*Asks:* 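Take a look at this one; I'll ask things after.
Computed from heavy atoms alone, side chains included, the values below leave out hydrogens, waters and symmetry copies. None of the values given here were measured: they were computed from a predicted structure.
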Amino acid sequence: MEGKEMQKTMGAAVALSMVVGCVIGSGVFFKPQAIYTATGGAPGIGIISWVIGGLITLCAGLTVAEIAVVIPKTGGMMVYLEEVFGEKVGYLAGWMQSVLFFPGTAAALAVAFGNQLSELLGHPGWAVGIAIVDIIVVAIINNVGSKAAGLVQNLATVGKVIPLILIAIFAFVKGSGTNPILTPMVGEGLSTGTVLGSVLISILFAYEGWINVTPIVGEMKDPGKDLPKAFAGGILIIMAIYVLVNVAYLWVLPADQLAQFSSPAVAVAEVIFGSVGGKIIALGILISVFGALNGFLLAGSRVVYTLGVQGTIPGHKFFGKLNKSDVPGNGVILVAFLACIYALTGQFNLLTDLATFTGWVFYVMTFIAVIILRKTKPDVERVYKVPLYPIVPAIAILGGGFVLVNQLFMAGSGPRMIALAGIVITLIGLPIYMIMSKKKA
């Protein structure tokens with residue numbers, strides 16, 4: 001390191017806005033298509049899963065908050081896993097986040113942004129190019145400094161809630177309300193258990209981003225108080241919004257029709273407000289996706305920086321230093337570069353499923369780490385403890401474990417191949433870790 005330390009400038013407001021801002025990005029606007037396709041056009045499991053996914057995420061956030069406060073270091077999940085399971089496991093988590101999770105999710109968000117904006121402009125062929133420009137612009141903002149990125153996060157968080165509120169209010173006013181909400185649960189001939197797992201992988205992506213606050217704990221003024229507030233408050237707000245908005249969608253269009261639109265929110269908005277109103281809502285969605293992308297680059301760069309400081313990635317001297325604005329600018333560049341490569345696929349659902357699966361493999365390990373630390377280090381000061389322990393961590397572990405098992409063994413060959421690809425990309429980190437460890441020695 002060059003003797004610099006990132007400044008403690010972030011409070012509860014920025015942390016909560018990062019939770020809300022990173023989570024409400026594209027999932028609530030675009031994922032209903034994948035959800036109702038998986039249910040066979042039936043609404044029941046789809047709506048119920050928004051609640052189930054929210055509860056799993058809430059338990060996950062409350063659990064992770066404990067270990068984040070006990071180990072308040074920049075780097076987030078990889079640092080926690082290293083502390084409990086050893087350097088190799090921690091490294092794999094950081095490697096996965098650096099080369100797959102953060103750039104893959106950022107790419108998916110940029111693809112969603114590109115698809116939406118290119119449709120508004122009437123040039124669908126521009127989608128991938130717009131996605132790459134979007135990534136570059138957000139990377140420049142993040143290189144200016146954490147305050148600039150935090151400001152964008154706050155403004156985008158406010159901006160993205162507006163279209164959701166408008167859709168929710170006017171859908172109930174102008175919608176027919178005659179479409180079924182909770183029945184049937186799944187389409188004819190489909191297995192409820194298998195469908196639930198497939199739907200949850202989509203919904204957990206829609207809730208993805210809550211953990212992005214942990215890599216910046218080292219920059220928070222009072223993480224012991226602010227982090228649990230950000231998780232609990234942010235996730236509960238998001239869950240309420242998601243359930244309300246998805247019921248509002250069904251108030252206007254039935255589930256089998258929502259399954260036919262790549263942007264169900266815009267389709268609903270056009271029914272409510274007409275074509276011009278639909279375009280205005282689409283602009284709000286663009287702000288939402290932009291803010292989420294900002295949050296993922298902000299958090300992902302901190303993980304790359306931590307690996308650089310540890311000297312465990314190629315080019316560690318380059319990535320393990322801060323720029324003149326005291327932010328890991330080179331880490332931003334790496335995540336943005338990889339995101340641009342992933343964005344060339346133009347595949348929103350593939351990228352989200354890939355990132356969500358691999359992310360939850362390590363999330364579940366982090367939940368387990370909280371339980372292990374309670375046993376191995378009972379005397380460590382815990383200014384915050386998981387409420388209703390061990391019930392809350394158990395819900396997080398069982399919920400995440402069910403989704404992972406479903407993707408690997410129950411959901412079919414397509415989801416299984418995506419899951420295996422994520423595992424392979426993650427395991428590529430092992431030989432790199434061994435090589436870099438020998439160099440350090």
*Asks:* What do the steps show when you test L164 against V28 for side chain to side chain contact (heavy atoms under 4.5 Å, CB included), and what is the final call?
*Replies:* CA-CA 9 Å; L164 290 171; V28 69; 4.0 Å; yes
*Asks:* What is the distance from atom CD1 of I432 to atom OG of S437, rounded to the nearest 0.5 Å?
*Replies:*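 Answer rounded to 0.5 Å: 11.5 Å.
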*Asks:* Decide yes or no for M78 and L92: does some side-chain heavy atom of the first lie under 4.5 Å from some side-chain heavy atom of the second?
*Replies:*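 Heavy-atom side-chain distance check fails, nothing below 4.5 Å.
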*Asks:* Which class fits the ring pair W210 and F231: parallel under 30°, tilted 30 to 60°, perpendicular over 60°?
*Replies:*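 The rings of W210 and F231 stand perpendicular, inter-plane angle above 60°.
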*Asks:* Is there a side-chain contact between T105 and F205 in this structure, where contact means two heavy atoms from C-beta onward sitting under 4.5 Å apart?
*Replies:*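 Touching, per the 4.5 Å side-chain cut-off.
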*Asks:* Side-chain contact test, heavy atoms from C-beta onward, threshold under 4.5 Å: evaluate it for S262 versus N115 and give yes or no.
*Replies:*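 Sidechains of N115 and S262: no contact.
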*Asks:* Does the side chain of Y305 come within less than 4.5 Å of L322's, by heavy atoms?
*Replies:*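 The answer is yes; the side chains approach within 4.5 Å.
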*Asks:* A336 and I135: which non-hydrogen atoms are nearest, and at how many Å?
*Replies:* O-CG2, 3.5 Å
*Asks:* Can you see which heavy atom on P43 is nearest to which on P180, and at what distance?
*Replies:*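 Shortest heavy-atom contact: CG-O, 3.5 Å.
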*Asks:* Find the distance between CG (L55) and CD1 (I52) and round it off to the nearest 0.5 Å.
*Replies:* 8.0 Å
*Asks:* How about M77 and E82: do any of their side-chain heavy atoms sit closer than 4.5 Å?
*Replies:* no
*Asks:* Pairs of donor and acceptor atoms involving the side chains of residues 410-420, under 3.5 Å and at least two apart or interchain, shall be tabulated with distances.
*Replies:*
| residue | atom | partner | partner atom | Å |
| --- | --- | --- | --- | --- |
| R416 | NE | L408 | O | 2.8 |

*Asks:* Please report, to 0.1 Å, the donor-acceptor pairs under 3.5 Å made by any side chain of residues 342-350, with sequence neighbours excluded.
*Replies:*
| residue | atom | partner | partner atom | Å |
| --- | --- | --- | --- | --- |
| Y342 | OH | V99 | O | 2.5 |
| T345 | OG1 | Y342 | O | 2.8 |
| T345 | OG1 | Q347 | N | 3.3 |
| N349 | OD1 | K31 | NZ | 2.8 |

*Asks:* Please assess I47 against L250 for the test side chain to side chain contact (heavy atoms under 4.5 Å, CB included), listing each intermediate value before the final yes or no.
*Replies:* CA-CA 10 Å; I47 289 296; L250 292 172; 3.6 Å; yes
*Asks:* Is there a donor-acceptor contact under 3.5 Å from the side chain of N142 to the main chain of V138?
*Replies:*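 Such a contact is found between N142 side chain and V138 backbone.
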*Asks:* Please report the closest heavy-atom contact between A68 and Y80, naming both atoms and the distance.
*Replies:* CB-OH, 3.2 Å
*Asks:* Using modelled atom types only, decide if a donor and an acceptor are shared between the side chain of Y207 and the backbone of W50 within a distance under 3.5 Å.
*Replies:*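 Here the side-chain-to-backbone pair exists.
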*Asks:* Taking side chain as C-beta onward, heavy atoms only, is F367 less than 4.5 Å from I371?
*Replies:*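 Side chain of F367 against side chain of I371, heavy atoms only: no contact under 4.5 Å found.
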*Asks:* Taking T312 for the side chain and M436 for the main chain, is one N or O donor matched with an acceptor at less than 3.5 Å?
*Replies:* no
*Asks:* Is it the case that the side chain of T356 and the backbone of D353 share a donor-acceptor pair, with hydrogens and angles ignored and the cut-off at 3.5 Å?
*Replies:*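 Flag not set: sc T356 to bb D353 has no pair under 3.5 Å.
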*Asks:* What distance separates T39 OG1 from I48 CD1, expressed to the nearest 0.5 Å?
*Replies:*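 Nearest 0.5 Å value for the OG1-CD1 distance: 11.5 Å.
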*Asks:* Could you tell me how the ring of W95 sits relative to the ring of Y91: parallel (under 30°), tilted (30 to 60°) or perpendicular (over 60°)?
*Replies:*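 Parallel: the ring planes of W95 and Y91 meet at under 30°.
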*Asks:* For residues 380-402, run the donor-acceptor check on the side chains, cut-off 3.5 Å, and write out each pair with its distance to 0.1 Å, sequence neighbours left out.
*Replies:*
| residue | atom | partner | partner atom | Å |
| --- | --- | --- | --- | --- |
| R382 | NE | E66 | OE2 | 3.4 |
| R382 | NH1 | K377 | O | 3.0 |
| R382 | NH1 | V380 | O | 3.3 |
| R382 | NH2 | L373 | O | 3.1 |
| R382 | NH2 | K377 | O | 3.2 |
| Y384 | OH | L62 | O | 2.9 |

*Asks:* Quick one: does W360's side chain get under 4.5 Å of Q407's, heavy atoms only?
*Replies:* no
*Asks:* Using modelled atom types only, decide if a donor and an acceptor are shared between the side chain of T306 and the backbone of R302 within a distance under 3.5 Å.
*Replies:* yes
*Asks:* Looking only at heavy atoms, what is the nearest atom pair of S98 and L307, with distance?
*Replies:*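 Closest approach of S98 to L307: OG-CD1, 3.5 Å.
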*Asks:* Step by step, would you call S49 with L196 a side chain to side chain contact (heavy atoms under 4.5 Å, CB included)?
*Replies:* CA-CA 7 Å; S49 293; L196 176 61; 3.2 Å; yes
*Asks:* Identify the two heavy atoms, one from T426 and one from T358, that lie closest to each other, and give their separation to 0.1 Å.
*Replies:*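 Scanning both residues completely, I find the closest heavy atoms to be OG1-CG2, 4.2 Å.
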*Asks:* Run the side chain to side chain contact (heavy atoms under 4.5 Å, CB included) test on I132 and I136 for me, step by step, so that the C-alpha distance in whole Å, both residues' side-chain angles and the decisive distance to 0.1 Å come before the verdict.
*Replies:* CA-CA 6 Å; I132 291 173; I136 293 171; 4.0 Å; yes
*Asks:* Can a donor-acceptor pair be found, under 3.5 Å and without considering hydrogens, that links the side chain of N330 to the backbone of K321?
*Replies:* no
*Asks:* Donor-acceptor pair, distance only, cut-off 3.5 Å: does the side chain of S198 make one with the backbone of T194?
*Replies:* yes
*Asks:* Counting C-beta onward and ignoring hydrogens, is there a side-chain heavy-atom pair between F30 and I285 closer than 4.5 Å?
*Replies:*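 The answer is yes; the side chains approach within 4.5 Å.
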*Asks:* At their closest point, which heavy atom of S26 faces which heavy atom of L109, and how far apart are they?
*Replies:*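 Heavy atoms only, the tightest pair is OG-CD2, 3.3 Å.
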*Asks:* Are the side chain of Y242 and the backbone N or O of V51 linked by a donor-acceptor pair below 3.5 Å?
*Replies:* no
